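Let me begin by presenting the structure, written as structure tokens, before commenting on it.
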2 protein chains.
Amino acid sequence: MQFSKSTDYALHALIHLAQSERRNNIGIKELCATLGVSESYLSKIMSKLRQDGIVRAVPGVNGGYELARPAGEITFLEVIQVIEGRQQLFECSNLDSQQHRLLAEDRAARQDQDCQGQSECLVKKVMDGAERQLHQYLREYTIQSVLDAASKECNHALNKK
Amino acid sequence: MQFSKSTDYALHALIHLAQSERRNNIGIKELCATLGVSESYLSKIMSKLRQDGIVRAVPGVNGGYELARPAGEITFLEVIQVIEGRQQLFECSNLDSQQHRLLAEDRAARQDQDCQGQSECLVKKVMDGAERQLHQYLREYTIQSVLDAASKECNHALNKK
DNA sequence: ATCATTATGGACCTATGATATCCATTATAA
DNA sequence: TTATAATGGATATCATAGGTCCATAATGAT
Ligand code: SF4
Ligand code: SF4
């Protein structure tokens, strides 16, 4: 249970793009030099980010990438979901087991019409809750958050002198 | 980014053990019949749970498994960590990149003696925060939680009649 | 219009880890 | 002593992550 390296790369690439917003179109060469990743691999990742509308890309001379939206509107959650996919953290794999009938289906049957038919037990509910927690947290941080914190600390350091 | 099936199996097995606490020593045969999983695979998982002191095992006739501790003291987090391992959700993979120097090391250098030398940037901090959130949530639920909720709903259903 | 440049996407490869099985051995209680 | 049940090593299979290469398409500069 770990985030993939691709997610790491994607976040770092976006931060570099955000830091360089003045001059448009950062090429893949500059990106992979900054991140220390191979050009061919990073371009796959950038392509994904483009398909999901997080960056814009323009080919040709002086082409490259730029953020498609303000850095403050690109959340960690979004980036992670683009790269990792959107499967659930926990997926029931025993839906026809005796135990599932015991914990989920019989229970659902007892509850008659109200709250009907979701046929999920507490295990699933707890895990889904964990996922919601995680998502809520990751939605609160954006690419801009990282830049802000960096420059705030910079100012703080300057004020001390 | 998903929990493995093994984690699924482990949780379900522990719930069955907890439900059967009256009679000790549930054999692997009963467990895998209840869960609908192969005997050979589940035994690996049970072995891990034993090595980490979550269940006790006794071989031989009428042997089997039982919880090593009260179900209320076995948290989701613990089970997950035993099966999934304890690596961090996010591990920096570019610690010698130009960008890391920019975001983390230079910053650390600026801060002189106070708050010294951790050399981590905000990305890492956000991700570690996400992990803490997740862990805190998963620590609040135990195997007993699932049983309690199941029986409470059962009583509720009875009272309605 | 041509050209150098840059992103794109398909094909491909390798390494790693999850999932799964089999069996010989060990430990235990009856 | 013996039948039984857990253990751990070896092995197989499969999916995914991680990574490379190249032919093609798109673009701005000339
Ligand atoms: S609903 Fe509950 S019992 Fe059924 S498969 Fe999912 S986790 Fe297991
Ligand atoms: S500390 Fe920050 S910049 Fe450095 S590798 Fe980790 S996430 Fe990237």
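Per chain, numbering begins at 1; letters A, B, ... match sequence-line order. Just so it is clear, the structure is predicted and the values come from calculations on it, not from any experiment.
Spacing between atom CD of A:Glu91 and atom P of C:dA18 amounts to 16 Å, rounded to whole angstrom units.
Take A:Ser6 and apply the side-chain hydrogen bond (donor to acceptor under 3.5 Å, both in side chains) test, not counting sequence neighbours, and it matches A:Tyr41. Scanning for salt bridge (Lys or Arg N to Asp or Glu O under 4.0 Å) contacts around A:Arg139 gives an empty result, with sequence neighbours left out.
Of the candidate nucleotides D:dA6, C:dA20, D:dG18, D:dA6 has the atom lying nearest to any side-chain atom of B:Ala57.
Using modelled atom types, no side-chain atom of B:Asp52 and backbone atom of B:Val82 make a donor-acceptor pair closer than 3.5 Å. Using a distance-only test at 3.5 Å, with no hydrogens or angles considered, a donor-acceptor pair links the side chain of B:Thr34 to the main chain of B:Glu30. Judged by distance alone, with hydrogens and angles left aside, the side-chain atoms of A:Tyr137 form a donor-acceptor pair with the main-chain N or O of B:Val126 at under 3.5 Å.
For the pair A:Ser4 and D:dT16, the criterion of a side-chain N or O lying under 4.0 Å from OP1 or OP2 is not met. The phosphate of D:dA6 has neither OP1 nor OP2 within less than 4.0 Å of any side-chain N or O from B:Arg50. Taking 4.0 angstrom as the limit, B:Gln51 places none of its side-chain polar atoms (N or O) nearer than this to OP1 or OP2 of D:dT7.
With the nearest nucleotide of DNA chain C identified for both A:Gly63 and B:Glu84, A:Gly63 has the one nearer the 5' end.
In this structure, A:Lys124 and A:Gln88 have side chains that are in contact, with non-hydrogen atoms separated by less than 4.5 Å.
The stretch residues 27-44 of chain B comes close to DNA chain D through B:Gly27, B:Ile28, B:Lys44, each having a heavy atom under 4.0 Å from the strand.
Backbone-only contact: A:Tyr9 has heavy atoms under 4.0 Å from sugar-phosphate atoms and none from a base.
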